[in-house]
Each structure stands twice: as C-alpha cells, then as structure tokens.
Amino acid sequence: KAQQTTPLITHFIEQNGPCCAAASVASAVNILTQINKIQDDEQEQEQTKKRQNKLNQEDILEYYRMLKPHNQRLGGSRYPHITTPSTSCVGNSMILKALRRFCSLRGHSDVATGYWLGTADRCVVKLSLNKDINEKNFARKHAWERLKLLFDTSQIDNHSEDLDAKSVHVEGKGGHVDNNHNNGYGGFKIPKMLRPPQKILIHHTINHYSLIFGYREWKVEHGAKAGTVVRQCLTATFNQQPKSWMPWESICEIIEQSKGFNTILYACERADVKFFELADQLDALIEIE
C-alpha cells in the first residue's frame with residue numbers, strides 16, 4: 001500500500017511502441033516543469049497553462065522528425081507507410097537537446113543537461129576502465145554514494161525544513177520483502193525523492209532509455225551471502241513504468257563495457273548545478289567500504 005506518491009512515480013509517460021527516447025524525455029520534461037504553486041501574476045498564469053498540458057510521446061517524436069526529416073524510422077506524415085515509429089536513430093545528444101528545447105517552451109529556459117555517469121571526462125561522475133578490480137569497484141561505490149546524494153539532499157542541505165521530499169513505501173505480498181529485482185516496488189521503502197528544483201536522471205542501457213525513479217540498498221544478514229551489501233536502482237528495463245530493480249553492478253558494467261555509449265544523463269535547473277559542486281566537496285566525507 002502506497003503511503004505517499006512522488007512526481008517521479010506518478011508523472012511518467014508510458015511509451016507506445018519502440019519509442020523510449022521520446023517517452024522518457026516527455027516524462028522528464030513534465031516532471032521538471034510541474035506546477036508547485038498557483039501564481040497570481042498574469043504572465044505566470046499563462047506559463048501555468050502551458051505546463052498544465054502534459055507532453056506526450058508524439059510531441060517529442062515530432063521534434064525528432066524535424067531534426068532528422070529524412071529518417072524513415074521516425075514515421076510521421078512524411079512517411080505514412082511507417083505505422084510503428086521507432087526512436088532507434090535517436091542518441092544521447094538529441095535527447096539532451098530535446099530536454100532543453102521543451103523545458104524552454106514550457107517556461108523553464110534555464111535548464112542544464114549533461115552526462116551524469118559514464119567513462120568520459122564530460123561526465124559528472126566517472127567510472128573506471130582500468131582492469132584493476134579494486135579501482136573499478138572503488139569507482140562504482142563512489143558513483144553509488146553520489147547517486148544517493150541526488151535522491152537525499154539532507155547531507156548537503158542543513159535546512160531540513162526547506163526540503164520538500166516525499167517517499168513511497170509499498171508492502172510486498174504477505175507483508176514480506178521480496179528481493180527479486182523485477183518485483184515492482186518489492187516491499188522496500190523508496191528513499192527521499194528529488195526535491196524541487198528537481199534533478200532528473202535518464203538511464204541509457206542496452207537499446208533502451210528510461211528514468212531512474214529511486215534506489216535501495218541493504219546488507220544480507222543470513223545465508224551464504226551474509227554481509228554482502230545489495231544495491232539496486234528502480235528503473236524500467238522495458239517500457240517506462242517503474243518496475244525493475246536493476247543491480248547497480250549491472251548498470252555500471254553495461255556502461256563500462258560500452259565505453260560510455262551507454263550512460264546516465266541528467267537534467268536540472270541551472271541554479272541547481274551548484275548541487276554537483278557541493279557533492280564534490282562532500283567526496284572526502286564519504287566513507288567508501
């Protein structure tokens with residue numbers, strides 16, 4: 001039973017057909033530009049009307065068609081014989097461009113986008129391509145701690161009364177915890193979600209884009225794996241509904257093996273980019289097991 005809901009859980013757009021690169025962007029923009037309060041100013045009321053109309057998959061597809069007018073896979077009026085459009089031709093850079101474009105159209109022109117996790121210098125957090133297993137594991141653990149900071153800013157923001165963080169708790173069948181990472185919410189508490197202004201993460205895994213909705217971790221207490229720390233992210237390995245608890249090790253391994261082609265993208269208000277700088281300062285305080 002859900003005690004509370006969050007924008008990440010309730011505002012995602014489900015995809016129709018192989019169009020994950022459109023549906024995930026529509027979800028991200030809708031969440032970033034949601035209304036938090038009613039504005040009295042006439043200009044603000046006009047912006048409110050724009051934001052209240054949720055973007056859908058087709059809105060983003062039309063933009064991609066404008067960028068790639070000769071790509072038949074995107075379908076549209078130019079290629080009426082394509083009855084099932086596909087965004088397989090859309091890459092990371094086009095997604096970042098679409099995020100900025102549609103946030104701007106909805107009154108949020110000051111949005112920053114980029115690569116959050118990957119193997120290149122442009123990424124906020126880097127994984128290691130070194131063959132040394134200790135260095136590779138250190139980088140993965142460091143990235144995990146940074147992910148937790150994105151979802152729980154209490155380590156950075158000392159003014160807890162200013163936080164607008166909500167959480168979701170869903171009981172597993174029979175009230176017990178099911179550790180299968182494909183079990184929906186799985187009986188675990190989803191930690192504090194992104195507070196406004198929000199930071200959105202889009203996970204680019206093998207042939208798929210979807211949001212990262214939350215995380216969970218716990219230490220195994222019994223059995224052969226007693227003492228092992230399990231780390232998982234709530235995402236969608238197919239379609240867009242948050243339903244897949246994907247092991248953090250698997251996420252990192254896919255990114256490493258693709259040498260950065262697979263990645264995690266971010267979008268946030270430009271003023272909130274300061275968060276990354278503060279997180280950098282906290283690195284020395286993060287205890288890496």
Side-chain angles (χ1 to χ4, degrees), residues 6-13 19-39 41 43-64 66-67 87 90-118 120 122-125 146-147 149-151 153 156-157 162-165 192-204 209-214 235 240 263-280:
T6 72
L8 283 174
I9 298 295
T10 60
H11 286 66
F12 74 92
I13 298 296
C19 294
C20 59
S24 59
V25 169
S27 296
V29 174
N30 286 335
I31 293 168
L32 280 171
T33 60
Q34 67 177 315
I35 297 302
N36 294 313
K37 60 181 180 179
I38 298 176
Q39 302 290 346
D41 182 79
Q43 184 176 359
E44 287 297 331
Q45 288 179 353
E46 184 63 29
Q47 294 296 339
T48 296
K49 292 179 182 179
K50 292 181 181 179
R51 300 170 194 165
Q52 284 176 338
N53 296 321
K54 281 190 175 183
L55 287 176
N56 56 45
Q57 175 178 299
E58 188 61 28
D59 295 325
I60 312 300
L61 274 173
E62 278 300 315
Y63 178 64
Y64 291 153
M66 183 186 72
L67 295 179
T87 55
V90 175
N92 298 327
S93 60
M94 281 184 66
I95 281 187
L96 296 177
K97 185 179 294 186
L99 286 168
R100 292 191 295 270
R101 163 83 171 180
F102 283 94
C103 283
S104 178
L105 289 175
R106 293 165 68 86
H108 285 241
S109 58
D110 205 22
V111 167
T113 64
Y115 296 81
W116 186 76
L117 181 65
R122 65 188 176 188
C123 299
V124 175
V125 183
R146 293 289 293 272
L147 177 83
L149 289 179
L150 280 172
F151 284 89
T153 59
I156 292 178
D157 195 335
D162 294 334
L163 293 179
D164 184 18
K192 293 178 180 177
M193 293 296 174
L194 312 182
R195 63 181 176 86
Q198 294 172 337
K199 295 171 283 292
I200 304 297
L201 296 181
I202 298 181
H203 179 210
H204 180 199
Y209 287 97
S210 65
L211 301 189
I212 290 182
F213 297 90
T235 183
Q240 299 298 312
T263 184
I264 295 179
L265 308 172
Y266 77 85
C268 67
E269 292 192 14
R270 193 166 301 278
D272 216 29
V273 173
K274 293 180 180 179
F275 170 87
F276 296 129
E277 300 172 2
L278 293 172
D280 286 336

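This chain uses plain numbering: 1 for the first residue, then up along the sequence. Quick caveat, the model's predicted, so the values are computed rather than measured.
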**Request:** Could you go through the side-chain contact (heavy atoms from CB on, under 4.5 Å) check for Cys19 and Leu61 one step at a time?
**Result:** CA-CA 8 Å; Cys19 294; Leu61 274 173; 4.1 Å; yes
Can you confirm whether [X] sits close enough to [Y] that some side-chain heavy atom of one is under 4.5 Å from a side-chain heavy atom of the other?
{"X": "Leu55", "Y": "Ile13", "answer": "no"}
{"X": "Tyr266", "Y": "Ile202", "answer": "no"}
{"X": "Tyr63", "Y": "Met94", "answer": "no"}
{"X": "Arg146", "Y": "Trp116", "answer": "yes"}

**Request:** Assess whether side-chain contact (heavy atoms from CB on, under 4.5 Å) is satisfied between Leu147 and Leu201, documenting all intermediate values.
**Result:** CA-CA 10 Å; Leu147 177 83; Leu201 296 181; 3.6 Å; yes
Please round to the nearest 0.5 Å and tell me the distance separating atom [atom1] of [X] and atom [atom2] of [Y].
{"X": "Leu96", "Y": "Thr113", "atom1": "CG", "atom2": "OG1", "value": "4.5 Å"}
{"X": "Lys54", "Y": "Arg106", "atom1": "NZ", "atom2": "CZ", "value": "9.5 Å"}
{"X": "Ser93", "Y": "Leu265", "atom1": "OG", "atom2": "CG", "value": "9.5 Å"}
{"X": "Asn56", "Y": "Ser27", "atom1": "CG", "atom2": "OG", "value": "10.5 Å"}
{"X": "Gln57", "Y": "Thr87", "atom1": "CD", "atom2": "OG1", "value": "7.5 Å"}
{"X": "Leu99", "Y": "Ser104", "atom1": "CG", "atom2": "OG", "value": "12.5 Å"}

Provide the closest heavy-atom pair for [X] versus [Y] in the form atom of the first, atom of the second, distance.
{"X": "Ile212", "Y": "His203", "result": "CG1-CB, 3.8 Å"}
{"X": "Ile60", "Y": "Ala21", "result": "CG2-O, 4.4 Å"}
{"X": "Ala267", "Y": "Leu32", "result": "CB-CD1, 3.7 Å"}

**Request:** For the residue pair Thr235 and Ser210, confirm or rule out a side-chain donor-acceptor distance under 3.5 Å.
**Result:**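 Looking only at side-chain atoms, Ser210 and Thr235 do form a donor-acceptor pair, the distance falling under 3.5 Å.
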For [X], ring pair (Phe, Tyr, Trp, His ring centres under 6.0 Å) partners two or more places apart:
{"X": "Tyr64", "answer": "none"}
{"X": "His204", "answer": "Tyr209, Phe261"}
{"X": "Tyr115", "answer": "none"}

Whether the side chain of [X] engages the backbone of [Y] through a donor-acceptor N/O pair (distance < 3.5 Å, no angle test) should be reported.
{"X": "Asn30", "Y": "Ala26", "value": "yes"}
{"X": "Thr33", "Y": "Val29", "value": "yes"}
{"X": "Thr263", "Y": "Leu117", "value": "yes"}

